[in-house]
Amino acid sequence: MITMAETKAPAARPLSPHLQIYRPMLTMMMSIAHRITGFGLYFGTLLLAWWVISASGPNGYARFEAFAGSWIGRLILFGYTWALIHHMLGGIRHLIWDSGRGLGPIERERLAAANLIGSIAITLILWAIGLLAMGGSQ
Amino acid sequence: MNEKAHIRTPLARVRGHGAAKSGTGHFWHQRVTAVANIPLTIAAVIILITLLGRNQAAAAQILGSPAIAIIMLLFIASITTHMRIGMAAIIEDYVHDDNAKLILLMANTFFTIAVGLASAFGILKLSFGV
Ligand code: HEM
C-alpha cells in the first residue's frame with residue numbers, strides 16, 4: 001500500500017484553465033452579456049425614476065422629453081431597450097435551465113443564438129412601433 | 001466529525017458560510033422576481049409605448065389610473081428587489097476585501113431602496129394628484 005509519505009512527485013493533474021485560454025463561444029459571450037446587461041439595467045432604473053417623477057408637471061416632463069429626444073438620450077434609451085430585452089430573454093433561458101432542460105450541446109447553442117437574434121429583432125420592432133407612435137400623434 | 005456527538009444538523013453547520021453569508025434565500029428570491037419580471041416588463045413596455053407622443057397631462061392621467069399605477073408599482077417592486085440581489089451576487093463574486101464588500105453591499109441596499117421608493121412615490125403622486 002502506498003502511503004502519502006511515499007509519493008514523491010505531485011500527481012500531474014490538469015490545471016483549470018483561465019478565461020482567456022478558451023476559444024470564445026457564443027454561450028460564454030451570452031453568459032457575460034447577461035451579467036453586463038443586468039449591471040446596466042441596474043443604473044438605468046434612475047431613468048425610470050426620473051420619467052415617472054417628471055410626469056407630475058409639464059416643465060419637468062418637458063425636460064425629460066428634451067433629454068429623451070436628444071441624440072445621446074435616444075442612444076441610451078435604445079441601448080436600454082436592447083439590454084432589457086436581451087436580459088429578459090436571457091433570464092427566460094436561465095429559468096429553462098433551472099427546470100433541467102436546454103442544457104445539451106445543441107440546445108444550448110440554439111438558445112444562445114435565439115437569445116441574441118431575438119433581442120435584436122424585438123428591440124428594432126419596438127423602436128419602429130415607438131417612432132411611429134410618436135410621429136403619428138404629434 | 002462524529003455525527004452522533006452533534007445535535008446540530010449538517011445544514012446548520014454550513015449555513016451562513018457562503019460569500020453572501022446567507023443561505024439559499026437569495027437564489028430563490030432571484031428566481032421568484034425573475035419570473036415576476038417577465039409579465040411585468042412586457043406590461044411596462046406596452047404602457048410606455050402607449051404613452052409616447054402624448055402630452056404630460058395625458059401621460060400623467062394614464063400612468064396614475066388605478067390599474068396602470070398598480071402594474072407600475074409591482075414592476076418597480078419586483079425589479080428593484082431583483083436587481084439588489086443580482087448586484088449583491090456581482091459584488092460577492094468580484095470584491096474580496098471584507099470592508100469594501102460590506103460598504104458596497106450597503107450602498108447596493110441604499111441605492112435600490114432609494115430608487116424603488118422614489119419611483120413608487122412618482123407613481124403614487126400621479127394617482128393621488130397631489
Ligand atoms: C425582464 C425580466 C428579467 C428576467 C427574467 C431576469 C432574470 C434574471 C436571472 C435568472 C438572473 C440570474 C442569472 C444567474 O443565475 O446568473 C438575473 C440576474 C440579474 N438581473 Fe435580471 N431579470 C430580468 C430583469 C432585470 C431588470 C429589469 C434588472 C435591473 C433593473 C435586472 C438586473 C439583474 C442583475 C443586476 C443581475 C445579476 C447579474 C449576474 O449575477 O450575473 N434584471 N436576472
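The analysis underlying the following values was restricted to heavy atoms, covering all of them including side chains, and did not include hydrogens, waters or symmetry mates.
Distance check: L132(A) CG to I49(B) CD1 gives 10.5 Å after rounding to the nearest 0.5 Å. Note that CE of M134(A) and CZ of R54(B) are 13.5 Å apart. Values are rounded to the nearest 0.5 Å. Rounding to the nearest 0.5 Å places CD of E65(A) at 9.0 Å from CD of Q56(B). For the atom pair CG (L48(B)) and CG (L48(A)), the distance works out to 9.5 Å, reported to the nearest 0.5 Å. To the nearest 0.5 Å, the span separating OG on S56(A) from CD1 on I123(B) amounts to 10.5 Å. The OG1 atom of T41(B) lies 8.0 Å from the CD1 atom of I85(A); values are rounded to the nearest 0.5 Å.
In F121(B), the CZ atom is not crowded: 12 or fewer heavy atoms of neighbouring residues, nucleotides or ligands sit closer than 6.0 Å. With a 6.0 Å radius and a threshold of 12 heavy atoms from other residues, nucleotides or ligands, W97(A) has its CH2 atom above the threshold. Atom CZ of F39(A) has 12 or fewer neighbouring heavy atoms from other residues, nucleotides or ligands inside a 6.0 Å radius. Heavy-atom neighbours of Q61(B) CD from other residues, nucleotides or ligands within 6.0 Å: at or below the threshold of 12. Heavy-atom neighbours of I106(A) CD1 from other residues, nucleotides or ligands within 6.0 Å: at or below the threshold of 12.
Pairing each heavy atom of V52(A) with each of L126(B), the nearest pair is O-CD1, 4.0 Å.
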Verdict with supporting geometry, I38(B) and L95(A), side-chain contact (heavy atoms from CB on, under 4.5 Å): CA-CA 11 Å; I38(B) 300 169; L95(A) 295 172; 3.9 Å; yes
Check the pair L52(B), I129(A) against side-chain contact (heavy atoms from CB on, under 4.5 Å), reporting the backbone distance first and the verdict last. CA-CA 10 Å; L52(B) 290 175; I129(A) 296 172; over 6 Å; no
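Side-chain contact check for N108(B) and Y42(A): at least one donor-acceptor pair (N or O, by modelled atom type) lies under 3.5 Å.
In this structure, the side chains of L41(A) and M83(B) stay at 4.5 Å or more apart for every pair of heavy atoms. Taking the side chain as every heavy atom from C-beta outward, I53(A) and K125(B) never approach each other to under 4.5 Å. Between M88(A) and N37(B), every side-chain heavy-atom pair lies at or beyond the 4.5 Å cut-off.
Taken together through direct or relayed side-chain contacts under 4.5 Å among Ile, Leu, Val, Met, Phe, Trp and Tyr, I125(A) and I92(A) form part of one hydrophobic cluster. Residues L40(B) and I70(B) share a single hydrophobic cluster, defined by chaining ILVMFWY side chains whose heavy atoms lie under 4.5 Å apart. L117(B) and M106(B) are not part of a single hydrophobic cluster, where members link through side-chain heavy atoms under 4.5 Å apart. Under the 4.5 Å side-chain heavy-atom criterion for ILVMFWY residues, no single connected hydrophobic cluster contains both I85(B) and V115(B). I120(A) and M30(A) end up in the same hydrophobic cluster when Ile, Leu, Val, Met, Phe, Trp and Tyr side chains are linked at under 4.5 Å.
In this structure, chain B has no heavy atom under 4.5 Å from any part of H34(A). For W51(A), the part sitting under 4.5 Å from any heavy atom of chain B is the side chain, from C-beta outward, and nothing else.
Here A49(A) is the residue among G38(A), A49(A), A68(A) with the most heavy-atom pairs under 4.5 Å with chain B.
Taking the six-membered ring for Trp and thresholds of 30 and 60 degrees, F111(B) and F43(A) have ring planes inclined between 30 and 60 degrees apart.
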